[in-house]
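Just so you know, these numbers use all the heavy atoms, side chains as well, and skip hydrogens, waters and symmetry mates.
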Amino acid sequence: MRIITLANQKGGVGKTTTAINLATALAAIGERVLIVDLDPQGNASTGLGVDRQDRVLSSYDVLADKVPLSDVAVQTVVPNLWIVPSTMDLLGVEMEIASYPDRTHRLKSALGDARSLFSYVLIDCPPSLNLLTINAMAAADSVLVPLQCEFFALEGLSQLLRTVEMVRQTINPALVIQGIVLTMYDGRNNLANQVVDDVRAHMGDKVYQTVIPRNVRISEAPSHGKPAILYDLKCSGSQAYLQLASEVIRRERRLKAA
């Protein structure tokens, strides 16, 4: 089982959209995939058709009460894809577990029971570098960073990379950057092209070749409780996420071999 954390402390960069559609693409080729929704807003859960009233148990119960993942994970509308949903209870979980000796490793312990059930776990983090994100990084093999093609992208990226390095030095020595995926790209915008060039110049082959375009069908899909890949397979955004999944699999094979 490979565990990938999707993290960026900046909101609105396409992190949840990337988690949903990457997971769907992996599930479509036969992988058994689990999404762990660690964002109190619960957008990944909503985007996969899990209504709020149906979230009897959530990632809060996993972290606060050590409820087994098998009791919390629910089947989504996508075959081979399950999700541990999120609720607003997560807003208070940091204070509840802050005094626990294992506060940074509670998610890692929970995922240990899932190794025989899934081939990929994607963790959707909140848009902040808090204890939830630290738990996700402590549990992960690698971090995937969605990065919006806009002016402040590199500034936010440097802060995130410092956090990843801190976690690697103190909590999870095996943690690596899986890759950086550029999102919300508009080729008509000169600034977007400049950001792409700057990120590639700074980060080299850590940046995926696939770039996710701005696409109205991607924006519409969550309101229907479906990933964009199910909502409109032929749109440019869905096709980009299928290409991204192919890149992710190739990188994961190289990382696993290493």
Side-chain angles (χ1 to χ4, degrees), residues 3-24 33-78 81-100 102-111 113-114 121-140 143-146 148 156 160 163 183 218-228:
I3 303 173
I4 304 174
T5 287
L6 288 90
N8 192 323
Q9 74 277 10
K10 190 175 184 303
V13 300
K15 176 176 52 61
T16 297
T17 300
T18 298
I20 290 172
N21 287 286
L22 177 57
T24 300
V33 185
L34 174 69
I35 291 181
V36 179
D37 191 350
L38 282 190
D39 189 343
Q41 297 177 74
N43 291 336
S45 306
T46 302
L48 284 169
V50 183
D51 292 332
R52 292 191 180 274
Q53 59 266 28
D54 295 332
R55 302 174 199 177
V56 179
L57 294 172
S58 70
S59 51
Y60 166 83
D61 300 285
V62 173
L63 294 174
D65 300 322
K66 293 190 173 183
V67 175
L69 280 177
S70 57
D71 292 345
V72 182
V74 296
Q75 174 76 60
T76 71
V77 294
V78 181
L81 177 58
W82 287 259
I83 187 167
V84 173
S86 165
T87 61
M88 295 297 286
D89 292 335
L90 272 179
L91 288 170
V93 77
E94 284 191 78
M95 294 190 65
E96 290 188 41
I97 68 174
S99 61
Y100 298 168
D102 65 342
R103 59 187 174 276
T104 60
H105 289 83
R106 292 176 80 84
L107 181 59
K108 181 177 181 179
S109 298
L111 287 172
D113 298 330
V121 174
L122 304 185
I123 306 173
D124 186 29
C125 293
S128 58
L129 299 177
N130 56 17
L131 187 55
L132 292 172
T133 303
I134 298 301
N135 256 272
M137 290 186 183
V143 178
L144 190 154
V145 184
Q148 186 179 0
L160 178 62
T163 300
T183 63
I218 290 180
S219 302
E220 291 173 354
S223 65
H224 295 270
K226 293 180 179 180

For this session: Please assess L38 against L107 for the test side-chain contact (heavy atoms from CB on, under 4.5 Å), listing each intermediate value before the final yes or no.
Result: CA-CA 10 Å; L38 282 190; L107 181 59; 3.9 Å; yes
Problem set entry | Candidate pair I83 and S45, rule side-chain contact (heavy atoms from CB on, under 4.5 Å), full reasoning | CA-CA 7 Å; I83 187 167; S45 306; 3.8 Å; yes
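R52 and S58 are not linked by any side-chain donor-acceptor pair at a separation below 3.5 angstrom, with hydrogens and angles left out of the test.
When side chains are defined from C-beta on, L132 does not count as touching C125, because their heavy atoms never get closer than 4.5 Å. L144 has its side chain within reach of L22: a pair of non-hydrogen atoms, C-beta onward, lies under 4.5 Å apart. At a threshold of 4.5 Å between non-hydrogen side-chain atoms, the residues Q41 and T16 do not count as touching. Within the 4.5 Å cutoff, no side-chain heavy atoms of E94 are placed close to those of N135.
Partners of Q75 according to the side-chain contact (heavy atoms from CB on, under 4.5 Å) rule, which considers only residues two or more places apart in sequence or in another chain, are W82. Residues satisfying the salt bridge (Lys or Arg N to Asp or Glu O under 4.0 Å) test with D102, not counting sequence neighbours, are K66, R106.
The line from CG of L122 to CG of D37 is 11.5 Å long, rounded to the nearest 0.5 Å. Atoms CD and CG, from E96 and D89 in turn, are 8.5 Å apart once rounded to the nearest 0.5 Å. Taking CG of L34 as the reference point, atom OG of S70 lies at 11.0 Å (rounded to 0.5 Å). A distance of 10.0 Å separates CG in N8 from OG1 in T133, rounded to the nearest 0.5 Å. Atoms CG and CG, from L69 and L57 in turn, are 11.0 Å apart once rounded to the nearest 0.5 Å. One finds the CD1 atom of I3 at 8.5 Å from the NZ atom of K108 (value rounded to the nearest 0.5 Å).
Scanning all heavy atoms of the two residues, the minimum distance from D39 to K15 falls at OD2-NZ, 4.3 Å. Nearest heavy atom pair, residue G47 against residue I20, reads CA-CD1, 4.0 Å. Contact detail for P227 and V78: the closest heavy-atom pair is CG-CG2, 3.8 Å. Scanning all heavy atoms of the two residues, the minimum distance from V67 to D71 falls at CG1-CB, 4.0 Å. For the pair Q9 and L160, the tightest heavy-atom approach, listed with the atom from each and the gap, is OE1-CB, 3.5 Å. Nearest heavy-atom pair, S59 versus V72, reported as atom, atom and distance to 0.1 Å: N-CG1, 4.4 Å.
Judged by distance alone, with hydrogens and angles left aside, the side-chain atoms of T5 form no donor-acceptor pair with the main-chain N or O of I123 at under 3.5 Å. Judged purely by atom type and a 3.5 angstrom limit, N21 uses its side chain to pair as donor or acceptor with the backbone of T17. Side chain of D124 to main chain of A19: no donor-acceptor pair is present (N/O by atom type, distance under 3.5 Å, no hydrogens or angles).
Counting heavy atoms of neighbouring residues, nucleotides and ligands inside a 6.0 Å radius, atom NZ of K10 exceeds 12 of them.
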